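To keep things clear, I will list the structure first and then write my remarks on it.
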Amino acid sequence: MTADPFTVHRGLLFTVAYEMLGSASDAEDVLQDAWLRWAAADRSGVRDPRAYLVRIVTRQALNRLRTVARRREDYVGAWLPEPILTSPDVADDVELAESVSIAMLTVLETLGPTERAVFVLREVFELPYGEIAEAVGKPAATVRQIARRARGHVAARRPRTRVSRAEQQAVVERFLTALETGRLQDLMEVMAPDVVLIADGGGRAKALKVPVRGAHRVVRLLGTARRAGRPPETAVVWLNGAPSIRVELGGDVLPTLVSLTVEDGKITRVYVMRNPDKLSRLDEPAELSR
């Protein structure tokens, strides 16, 4: 018996929706809507089920993106993507791991809905311009222009260098050891001078509402947080294709998750995710594919 194309391509469809929305819960809602449309469709004229399904998911994700964009304007404090648990082998596909990283999803948030869809479909999934044009409802020539503009926008904001899994893991472990032992000088040594810390509590958990910039300020903040209570329980976990940190704080029902961006052996971004609405879907790794 031939497997249903939706089941076969579900990992791909989830990845498309997640990269467009930065939210696993919204991506799952989009897939549910897409499944209902697929189940009700007349498939006799569908020559390429994969392209057809990507088109459905893209259109549904665009509709959802325009809705949540208005909701995010009223968000309390900084908005960060909803993290997902991933298996370590996701990092073997460098392009995929980079595209779902917290750093990249944060950059994608600065694009408009159509720009984001075009960038994801072209740069990550390498779809032909004609297929993208059908998915976003724009002429192919316009899609080419949007892709060029979005590519330049992202290139100016994404991390400057790619880091190997081994280097990322080594820096994460150095950061974790320094945090656990309270050695602030060791923390300073692993930070870039212009490091930025961004925290997301969404008004649901205590978190800074504005970014903290500079190694001295970030290290002082981390040292103060550590001294505020008993030492936290920490562990390395794989989030969004990279080793990250799970922090268990006394009194919190859900963990705090920390994702680090590393460039040239130094931490340039610290993303602290505390909004409990975004931390309840970490039971098993998400299925991702390109």
Side-chain angles (χ1 to χ4, degrees), residues 2-23 26-66 69 81 90-101 103-105 107-158 162 240-241 286-290:
T2 304
D4 185 272
F6 191 95
T7 302
V8 172
H9 299 299
R10 194 184 192 285
L12 164 70
L13 301 177
F14 175 83
T15 308
V16 170
Y18 177 65
E19 292 195 17
M20 285 184 60
L21 294 162
S23 165
D26 285 332
E28 289 290 357
D29 287 345
V30 163
L31 258 62
Q32 181 63 31
D33 291 341
W35 161 250
L36 293 175
R37 291 172 181 270
W38 170 248
D42 178 4
R43 305 180 199 175
S44 60
V46 177
R47 294 187 298 275
D48 185 346
R50 180 181 184 273
Y52 183 88
L53 287 167
V54 168
R55 188 159 62 246
I56 292 176
V57 166
T58 300
R59 289 173 179 172
Q60 293 300 108
L62 272 172
N63 291 337
R64 178 62 63 93
L65 190 56
R66 292 178 179 120
V90 169
D92 294 337
D93 185 335
V94 177
E95 296 287 350
L96 176 60
E98 182 184 27
S99 71
V100 298
S101 69
M104 177 58 78
L105 292 175
V107 171
L108 293 182
E109 191 67 15
T110 64
L111 294 172
T114 302
E115 283 183 319
R116 185 166 183 168
V118 170
F119 180 87
V120 167
L121 295 177
R122 181 61 185 173
E123 298 301 313
V124 181
F125 298 97
E126 301 178 339
L127 265 60
Y129 286 111
E131 286 188 26
I132 300 173
E134 287 188 41
V136 301
K138 302 280 186 183
T142 301
V143 166
R144 287 178 180 274
Q145 293 175 349
I146 293 172
R148 190 180 307 113
R149 186 168 62 245
R151 192 160 48 242
H153 180 96
V154 170
R157 292 163 176 79
R158 75 198 311 173
R162 282 184 176 170
N240 295 70
E287 181 187 355
L288 302 176
S289 68
R290 288 200 294 155

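Since this is a predicted model, take the numbers as computed values, not measurements.
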How close do G11 and S289 get, counting heavy atoms only, and between which atoms?
C-OG, 3.3 Å

Partner set under side-chain hydrogen bond (donor to acceptor under 3.5 Å, both in side chains) for T110, not counting sequence neighbours
H153

Which heavy atom of A3 sits nearest a heavy atom of V8, and at what distance?
CB-CG2, 3.7 Å

Residue list, side chain to side chain contact (heavy atoms under 4.5 Å, CB included) with R158, at least two apart or on another chain
E98, M104, V154

What closest approach, in Å, do A117 and V136 show between heavy atoms, and which atom pair accounts for it?
CB-CG1, 4.0 Å

Sequence-distant partners of R151, side-chain hydrogen bond (donor to acceptor under 3.5 Å, both in side chains), two or more places apart:
E123

So CG of L111 and CG of L65: to nearest 0.5 Å the spacing works out to 10.0 Å

If you take all heavy atoms of V30 and A17, which pair is closest and at what distance?
CG1-CB, 4.2 Å

Could you list the residues that satisfy ring-ring contact (aromatic ring centres under 6.0 Å, His included) with F119, not counting sequence neighbours?
none

Can you tell me how far the CD1 atom of I56 sits from the CG atom of L31, to the nearest 0.5 Å?
10.5 Å

Kindly compute the distance separating CD (E287) from CG (L12), expressed to the nearest 0.5 Å.
10.0 Å

E28: salt bridge (charged side-chain N to carboxylate O under 4.0 Å, His left out) partners, not counting sequence neighbours
R10, R281

Determine whether E134 and E131 make a side-chain contact, defined as any pair of heavy atoms from C-beta on separated by less than 4.5 Å.
no

Sequence neighbours left out, what passes salt bridge (charged side-chain N to carboxylate O under 4.0 Å, His left out) with R50? Give chain and number order.
none

Mind checking the CH2-CG spacing from W35 to L13? Nearest 0.5 Å is all I need.
11.5 Å

Work out which heavy atom in A27 is nearest to a heavy atom in F14; give both atom names and the distance.
CB-CE1, 3.8 Å

Mind checking what makes side chain to side chain contact (heavy atoms under 4.5 Å, CB included) contact with D33, not counting sequence neighbours?
Q60, R64

What residues, two or more places apart in sequence or in another chain, satisfy side chain to side chain contact (heavy atoms under 4.5 Å, CB included) together with S99?
E19, L96, V124

Tell me whether R162 is salt-bridged to E95, with the criterion being a basic N under 4.0 Å from an acidic carboxylate O.
yes

Checking side chain to side chain contact (heavy atoms under 4.5 Å, CB included) for the pair R122/I132: CA distance, chi angles, key distance, verdict?
CA-CA 8 Å; R122 181 61 185 173; I132 300 173; 3.7 Å; yes

Residue pairs passing the ring pair (Phe, Tyr, Trp, His ring centres under 6.0 Å) test where at least one lies in residues 41-61, sequence neighbours excluded
W38-Y52

List for me each residue that meets side-chain hydrogen bond (donor to acceptor under 3.5 Å, both in side chains) alongside S44, sequence neighbours excluded, and say none if there are none.
D42

Those residues at least two apart in sequence (or on a different chain) that pass salt bridge (charged side-chain N to carboxylate O under 4.0 Å, His left out) with R149 are E115

Mind checking side chain to side chain contact (heavy atoms under 4.5 Å, CB included) for A135 and listing every partner two or more places apart, or none if nothing turns up?
R55, T58, L121

With a sphere of 6.0 Å drawn around CZ of R37, does it hold more than 12 non-hydrogen atoms of other residues, nucleotides or ligands?
no

Distance-minimising heavy-atom pair for A91 and G241
CB-O, 3.6 Å

Is the closest side-chain heavy-atom distance between N240 and Y18 below 4.5 Å?
yes

